[in-house]
**Q** 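First the structure, which I've put down as structure tokens, then a few questions once you've had a look.
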Amino acid sequence: MKLLDGKAVSARLMEEMAREVETLSVKPCLAVVLVGDDPASRVYVNNKKKGCEKLGIRSLEYTMPKETTQAQLLELIDALNEDKNVHGILVQLPLPKHLDEKTVIRAIRPEKDVDAFHPVNVGKIMIGDFDFLPCTPAGIMELIAESGTDLTGKECVVIGRSNIVGKPMAMLLLHKNATVTICHSKTRDLKEVTRRADVLVAAVGIPNFVTADMVRPGAVVIDVGINRLDDGKLTGDVDFEAVSPIASAITPVPGGVGPMTIAMLMRNTITAAKKQNQ
Ligand code: GUN
């Protein structure tokens, strides 16, 4: 079994990107917007800022109170859209319930949408003509490449159909000529489907959801889950102890997909800055 060490792969990519940033005439700048005080979001935003620091990317943080109105948030996004010194805009999700995520995402200029959540960018991913890749799926593709797997003709099964992970993940695998199945809570005989997978991606949000009997021996297993247990420990969607002996490669949690996501966000920010200064 090969441990797919996202921390190490991410560190390597970050070093490469730091060298690239040094050569750019304009320093890339990422604006991160956080509304409210969700502790998990706070951690994610801090990690994104730390990633920027490591690479010499400027980061601006806008922390807004949870009572912020839709109009106030849209006003900030508009100002960031207009600011030539800002190349990437990221609004941390989830937003407080009274704010409309769809409208907020659409307000970000597609050229600055480093999450690739805007419908224009989602559509571009669908047709395989994209500038930005969605960060988590893009990071997973790097880890699959690291495992040495050629995806052509392989059976890939994604559990979870979210707009952030499941759906774009399926699209990226398809672009690499895999046969892709997306499973979700209404899927019949889930175990029968997941057992077909050469590559199994779990993005469910339930601790230990993927058990050994759901995994084909020799499969590459990617765990996207970040679940915080009552004792404060982080755990993934995969029962790592039981599944790792039968997988050919597997990502740990933490230290697997998470660090890769940040590296891909940095890559998108650099791409955005370069495109806006051509
Ligand atoms: N919340 C959880 N994942 C993400 C992400 O990739 N981007 C943003 N903006 N919010 C998130």
Side-chain angles (χ1 to χ4, degrees), residues 1-21 40 43-44 46-55 57 133-151 154 156-160 164-166 168-169 172-173 176 178 194 197-205 207-212 214-229 232-270:
M1 183 274 297
K2 182 174 178 179
L3 192 69
L4 298 173
D5 184 348
K7 219 169 147 186
V9 178
S10 157
R12 197 177 72 217
L13 294 174
M14 296 281 277
E15 263 173 42
E16 283 167 23
M17 286 189 276
R19 281 198 293 274
E20 182 181 5
V21 170
V43 173
Y44 297 146
N46 287 347
N47 287 341
K48 288 165 187 178
K49 277 167 53 188
K50 271 190 230 156
C52 287
E53 270 166 40
K54 272 192 207 146
L55 265 60
I57 291 177
L133 286 175
C135 302
T136 301
I140 292 170
M141 294 306 282
E142 296 280 343
L143 288 176
I144 293 173
E146 187 71 15
S147 76
T149 307
D150 174 7
L151 287 170
K154 292 280 159 60
C156 295
V157 175
V158 180
I159 319 177
I164 296 187
V165 182
M169 185 72 246
L172 301 195
L173 292 164
K176 294 288 181 197
T194 59
D198 298 304
V199 177
L200 181 60
V201 179
V204 194
N208 297 328
F209 184 83
V210 175
T211 45
M214 295 167 72
V215 178
R216 172 183 177 150
V220 173
V221 180
I222 307 286
D223 190 347
V224 190
I226 306 180
N227 309 298
R228 195 160 300 268
L229 299 177
K233 275 201 192 122
L234 281 186
T235 188
D237 292 345
V238 177
D239 180 353
F240 185 88
E241 231 172 85
V243 171
S244 53
I246 57 172
S248 66
I250 187 167
T251 62
V253 176
V257 174
M260 295 302 295
T261 299
I262 306 264
M264 296 300 107
L265 173 65
M266 300 297 111
R267 180 183 279 172
N268 283 348
T269 304
I270 295 168

**Q** With a 4.5 Å heavy-atom cut-off, do Asp237 and Ile159 have their side chains touching?
**A**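 No, their side chains stay 4.5 Å or more apart.
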**Q** Around Lys176, counting heavy atoms of other residues, nucleotides and ligands shown, do more than 12 lie under 6.0 Å from its NZ?
**A**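 Open.
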**Q** Please identify each residue that fulfils side chain to side chain donor-acceptor pair (under 3.5 Å) with Thr261, with sequence neighbours left out.
**A**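 In terms of side chain to side chain donor-acceptor pair (under 3.5 Å), with neighbours along the sequence ignored, Thr261 is linked to Thr136.
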**Q** CD1 of Ile262 to NZ of Lys7: how many Å apart, nearest 0.5 Å?
**A**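 So the CD1 of Ile262 and the NZ of Lys7 are separated by 12.5 Å.
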**Q** Of all heavy-atom pairs between Met214 and Thr194, which one has the smallest distance, and what is that distance?
**A**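 Taking every non-hydrogen atom into account, O-OG1, 2.8 Å.
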**Q** Can you sort out the partners of Lys49 under salt bridge (charged side-chain N to carboxylate O under 4.0 Å, His left out), two or more places apart, ordered by chain and number?
**A**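 By the salt bridge (charged side-chain N to carboxylate O under 4.0 Å, His left out) rule, Lys49 matches Glu61.
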**Q** Applying side chain to side chain contact (heavy atoms under 4.5 Å, CB included), run through Leu55 and Thr269 and close with a yes or a no.
**A** CA-CA 11 Å; Leu55 265 60; Thr269 304; over 6 Å; no
**Q** Going by heavy atoms in the side chains, are Cys52 and Met266 under 4.5 Å from each other?
**A**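 Yes, their side chains come closer than 4.5 Å.
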**Q** Got a sec, which residues hit side-chain contact (heavy atoms from CB on, under 4.5 Å) with Asn268, two or more places apart in sequence or on another chain?
**A**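 With neighbours one apart ignored, the set is Val114, Phe132, Cys135.
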**Q** Under a 4.5 Å cut-off applied to non-hydrogen side-chain atoms, are Ile250 and Asp223 in contact?
**A**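 No, every pair of side-chain atoms sits at 4.5 Å or beyond.
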**Q** Identify, with sequence neighbours excluded, every residue that meets side-chain contact (heavy atoms from CB on, under 4.5 Å) alongside Pro168.
**A**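 Applying side-chain contact (heavy atoms from CB on, under 4.5 Å) to Pro168 gives Pro134, Pro137.
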**Q** How far apart are the closest heavy atoms of Ala263 and Met17, and which atoms are they?
**A**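 Scanning both residues, the minimum pair turns out to be O-CE, 3.3 Å.
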**Q** Check side chain to side chain donor-acceptor pair (under 3.5 Å) between Asn208 and all other residues, then give those that pass, not counting sequence neighbours.
**A**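 Once residues adjacent in sequence are excluded, Asn208 has no partner under the side chain to side chain donor-acceptor pair (under 3.5 Å) criterion.
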**Q** Quick one: closest heavy-atom pair of Ala178 and Cys156, and the distance?
**A**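 Heavy atoms only, the tightest pair is CB-SG, 3.6 Å.
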**Q** Quick one: salt bridge (charged side-chain N to carboxylate O under 4.0 Å, His left out) pairs with a partner in residues 8-21, sequence neighbours left out?
**A**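 As it turns out, the salt bridge (charged side-chain N to carboxylate O under 4.0 Å, His left out) pairs with a partner in residues 8-21, which skip direct neighbours, are Arg12-Glu146, Glu20-Lys274.
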**Q** I need the Leu265 CG to Leu133 CG distance, nearest 0.5 Å.
**A**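 The CG atom of Leu133 is 12.5 Å from CG of Leu265, to the nearest 0.5 Å.
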**Q** Nearest 0.5 Å, please: how far is CD1 in Ile140 from CG in Leu172?
**A**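 If I round to the nearest 0.5 Å, the distance is 9.0 Å.
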**Q** Under the rule for side chain to side chain donor-acceptor pair (under 3.5 Å), what residues qualify as partners of Asn47, not counting sequence neighbours?
**A**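 Applying side chain to side chain donor-acceptor pair (under 3.5 Å) to Asn47 gives none.
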**Q** With sequence neighbours excluded, give me every salt bridge (charged side-chain N to carboxylate O under 4.0 Å, His left out) pair touching residues 257-268.
**A**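 Sorted result for residues 257-268: Glu142-Arg267.
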**Q** In Å and rounded to the nearest 0.5 Å, what is the CD1 to CE distance from Ile246 to Met1?
**A**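 Nearest 0.5 Å value for the CD1-CE distance: 11.5 Å.
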**Q** Val221 and side chain to side chain contact (heavy atoms under 4.5 Å, CB included): which single residue from Val201, Val238, Thr251 fits?
**A**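 Passing option: Val238.
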**Q** Of all residues at least two apart in sequence or in a different chain, which pass the salt bridge (charged side-chain N to carboxylate O under 4.0 Å, His left out) check with Asp239?
**A**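 With neighbours one apart ignored, the set is empty.
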**Q** Identify the two heavy atoms, one from Pro207 and one from Thr235, that lie closest to each other, and give their separation to 0.1 Å.
**A**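 Minimum heavy-atom contact is CB-CG2, 3.8 Å.
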**Q** Quick check: closest heavy atoms across Met260 and Gly256, and the distance to 0.1 Å?
**A**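 Heavy atoms only, the tightest pair is CG-O, 3.6 Å.
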**Q** Ala8: which residues meet the side-chain contact (heavy atoms from CB on, under 4.5 Å) condition with it, sequence neighbours left out?
**A**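 Residues passing side-chain contact (heavy atoms from CB on, under 4.5 Å) with Ala8: Asp5.
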**Q** Let me confirm one number: the CZ-CG distance from Arg216 to Asp198, rounded to the nearest 0.5 Å.
**A**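 Answer rounded to 0.5 Å: 4.5 Å.
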**Q** Write down the atom of Phe240, the atom of Pro252, and the distance for their closest heavy-atom approach.
**A**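 Smallest heavy-atom distance, with atoms named: CE1-CA, 4.0 Å.
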**Q** If I take atom CG from residue Leu234 and atom CD1 from residue Ile226, how far apart are they, to the nearest 0.5 angstrom?
**A**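 If I round to the nearest 0.5 Å, the distance is 7.0 Å.
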**Q** Applying the side chain to side chain contact (heavy atoms under 4.5 Å, CB included) criterion to Leu4, which one of Val220, Val257, Val9 satisfies it?
**A**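 Output: one option passes, namely Val220.
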**Q** Which residues satisfy the side chain to side chain donor-acceptor pair (under 3.5 Å) test with Ser147, sequence neighbours excluded?
**A**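 Ser147 satisfies side chain to side chain donor-acceptor pair (under 3.5 Å) with Thr149 only.
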